[in-house]
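The structure displayed is predicted, hence computed values, not measured ones.
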Amino acid sequence: MMPVNFLGFIPMLTLALLVVIVAGRSLESNVSGAQQMQNDGLIIMAEDGLRKYNGPAVHHFARHGLCNHSFGKVRFFRALEKHFHNISDDMKIAFILDICNRRDHMLTKWVQEIFDKDGDGYISHFEREIDR
């Protein structure tokens with residue numbers, strides 16, 4: 001059985017929270033109306049940028065989309081065929097394995113040159129489908 005004091009605590013806490021919320025909303029801001037509208041515009045622009053998904057970043061695609069599994073490495077090999085001419089397949093394979101093991105800025109640069117056709121730093125759905 002609950003004590004009588006506890007039954008009065010929850011309604012009192014609810015009333016106190018309601019008073020704080022109403023008082024906080026009713027206080028006027030020190031910011032003018034024009035500044036408030038400008039701030040609202042910035043927030044809306046930031047939210048619009050978050051809603052638009054361009055695909056994974058180049059470095060993320062390079063490390064997780066290509067070098068993490070064998071299918072990605074084969075895809076990287078096929079894409080390199082257009083860039084490496086008169087080089088044996090063994091050299092291309094060694095290059096891919098080496099650059100995937102290092103996972104440094106050179107991997108990012110190669111993937112950006114091969115897959116990022118529009119140069120925005122992200123690999124879109126259409127750019128991923130180019131060398132499949």
Chemist: For residues 85-101, please give each side-chain donor-acceptor pair under 3.5 Å, one per line with the distance, not counting sequence neighbours.
Modeler:
unit_1: H85; atom_1: NE2; unit_2: K82; atom_2: O; d: 3.1
unit_1: S88; atom_1: OG; unit_2: M91; atom_2: N; d: 3.3
unit_1: N101; atom_1: ND2; unit_2: L97; atom_2: O; d: 3.2

Chemist: With sequence neighbours left out, what residues match F77 under ring pair (Phe, Tyr, Trp, His ring centres under 6.0 Å)?
Modeler: none
Chemist: Relative to each other, are the rings of H83 and W110 parallel, tilted or perpendicular (30° and 60° limits)?
Modeler: perpendicular
Chemist: Starting from L107, can I reach V74 by hopping between I/L/V/M/F/W/Y residues whose side chains sit under 4.5 Å apart?
Modeler: no
Chemist: Once ring pair (Phe, Tyr, Trp, His ring centres under 6.0 Å) is applied, do any residues pair with H59, and if so which ones, sequence neighbours excluded?
Modeler: none
Chemist: Output the distance between atom CZ (R78) and atom CZ (R75), rounded to the nearest 0.5 Å.
Modeler: 10.0 Å
Chemist: Quick check: do F61 and D116 have side-chain heavy atoms less than 4.5 Å from each other?
Modeler: no
Chemist: Compare all side-chain heavy atoms of H64 with those of P56 and state whether any distance is below 4.5 angstrom.
Modeler: no
Chemist: With sequence neighbours excluded, tell me which residues meet salt bridge (Lys or Arg N to Asp or Glu O under 4.0 Å) with D104.
Modeler: R102
Chemist: I need the full list of salt bridge (charged side-chain N to carboxylate O under 4.0 Å, His left out) pairs touching residues 58-72, with sequence neighbours left out, sorted by first then second residue.
Modeler: none
Chemist: What residues form a side-chain hydrogen bond (donor to acceptor under 3.5 Å, both in side chains) with D118, not counting sequence neighbours?
Modeler: none
